[in-house]
Amino acid sequence: MLTIKQITDQKEAVIAGLKKKHFADAEAVIDQILAFNDKRKKTQAQLDDQLAEGKKAAKQIGMLMKQGKQEEATAIREKVAAYKESNKELEATMNQAEQDMKELLYTVPNVPHESVPEGRTEEDNVVERQGGDPASLPENALPHWDLAKKYDLIDFELGVKISGAGFPVYKGKGARLQRALINFFMDEAAKAGYAEVEVPYLVNEASGYGTGQLPDKEGQMYHDAQDDLYLIPTAEVPVTNIYRDVILDESQLPIKNCAYSACFRREAGSYGKDVRGLNRLHQFNKVEIVRIDTPEHSYESLDEMISHVEGLIEKLELPYRILRLCSGDVSFTSSITFDFEVYSAAQERWLEVSSVSNFESYQANRLKCRYKGKDKKATLCHTLNGSALALPRIMAAFLENHQTPEGIVIPEALRPYTGFDIID
RNA sequence: GGAGAGAUGGCAGAGUGAUCGAAUGCACCGGUCUUGAAAACCGGCAAACCGAGAGGUUUCGGGGGUUUGAAUCCCUCUCUCUCCGCCA
């Protein structure tokens, strides 16, 4: 969430940013937040004064009692007892104001970075650059679901039998290809200096709030009510929560972590061609990269992450483009996001395979992830993350783009991982 | 799943009703000394909120209660450890 300091210090800029993100009633909401904050501050000042007096009196009573002056002590005691009621009231008022403020603050999205283009929908996203050759497929090219069947790589029906739609079973060279891609991505991340972590797939409520999945996307996560745990929709959640309630030393930054995990998403409300084949699944594999950085350096980190992801796609020899998301398409918690899409010639559409974002201090504020520099002051970090990469659509584009009459040709970079150079 | 013990500052660890935001040790930072370092000595060293500042308030796992006053007593939740059972 935004910090109160951000809102008070740069009120106009925050409102302008929210408007750019098409957040309704930006002024009214911000004013309301500030009003709650004022109320909180005023009440706390009053409460502090009264508590201070109470504390003094209590000490006095202690001293008098020791000296055996019972009557004097009793007199003060009665006086102090009267405070108790009004203290309770003040405290309740203060807590209410703070809670009101927080609840409202939770509904306010992050402010977009100045370089984020104005726009409402994905139509308004800006293509940064493009790579590879999107139009090199033969006329009779098959979509990946047909290829998966032809070469017996993925069994969607079997997944339906075991679990339901959106839970495919990978078989033979298909399963091997998944594992090869995961290992390839992890090794590339390690080479780029990301420290590998393996994290839980089930997280508690606090972690859900920490990265902003809760309360915003409650319905998107699988929830185990018995133990009140959530299945992770991305490794971002457990990995970033490593740094919840942590004060880092500036010398540790930037922190660079990578993690492989299975990801689970309910994807309620999806339909049609969006869910065909591997396009949208309830369970899928992903390698995630996460960075914690200083505000001064976070945009440099963002550039490095973009280059890293771009390098992966190039090594897989897939046609791609990088989009700078417009203000209306940037996610709730993100300040700036670049989407990577690979082209699926057989489906004649672009498939999103990665999303690289800088959350600035929005996520860190909820996480209470701070660092101390030379000035010894705890400052909120910037957090960033990106997929590097999500497997299913890479797999889809991979099968479609590398299909030849002889079979699916494995690009050079991946052959050490697959152990074969063609699927036929 | 059953029984018991525990949770205090970066770490270790005292503290069982007021003098405790908290002894002591280690770590860390600054200084003296030294050509430099080590040792020794001196000083500093938690966070959040309010305040221009002085200063004030809150926090001893979380929440609630008793009391004029709670790290300390009571209730409750969470977590950790030990023993037993079960088990990849």
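Every chain is numbered from 1, with letters handed out A, B, ... down the list of sequences. Note that the structure is predicted; figures quoted are calculated from it, not measured.
Pair assignment for B:rA22 gives none, since no Watson-Crick or G-U wobble pairing has each distance under 3.5 Å.
Contact check, A:Arg77 against B:rU67: no side-chain N or O comes under 4.0 Å of OP1 or OP2. Contact annotation: A:Lys56 does not reach the phosphate of B:rG56 (side-chain N/O to OP1 or OP2, under 4.0 Å).
Taking atom C1' in both B:rA14 and B:rC33, one finds a spacing of 34 Å when rounded to whole Å. Comparing the same atom, P, in B:rG6 and in B:rG13 gives a spacing of 14 Å after rounding to whole Å. Taking the C1' atom of each, B:rG85 and B:rA3 are spaced 11 Å apart, rounded to whole Å. When the C1' atom is compared between B:rG2 and B:rA27, the two are found 42 Å apart, to the nearest whole Å. For B:rG62 and B:rA70, the P atoms lie 16 Å apart once the distance is rounded to whole Å. Atom C1' of B:rG10 sits at a distance of 26 Å from the matching atom of B:rA5, rounded to the whole Å. One P atom belongs to B:rU72, the other to B:rG64, and the distance between them is 14 Å to the nearest Å. Across B:rC60 and B:rA47, the matching C1' atoms stand 13 Å from one another, rounded to whole Å.
Distances from the side chain of A:Ala378 to the nucleotides B:rU58, B:rA48, B:rC50 place B:rA48 closest. Which of B:rC49, B:rU58, B:rG69 sits closest to the side chain of A:Leu51 comes down to B:rU58. Closest contact between the side chain of A:Lys372 and the listed nucleotides B:rA47, B:rG51, B:rA18 involves B:rA47. Closest to the side chain of A:Lys55, from the set B:rU19, B:rU58, B:rC50, is B:rU58. Comparing atom distances between the A:Arg370 side chain and each of B:rU57, B:rU68, B:rA48 picks out B:rA48 as nearest. Side-chain proximity of A:Asp48 to the nucleotides B:rU57, B:rC50, B:rG69 is greatest for B:rU57.
A side-chain donor-acceptor contact under 3.5 Å links A:Tyr320 and A:Glu310.
Across all strands shown, A:Met65 has heavy atoms under 4.0 Å from base atoms, whether or not it also approaches the sugar-phosphate.
When all heavy atoms are compared, the tightest approach of A:Val116 to A:Cys326 is CG1-C, 3.7 Å.
In summary, the aromatic rings of A:Phe398 and A:His144 are positioned with their centroids too far apart to meet the 6.0 Å limit.
Classified by interplanar angle (parallel below 30°, tilted 30° to 60°, perpendicular above 60°), the ring pair A:His308/A:Tyr194 is tilted.
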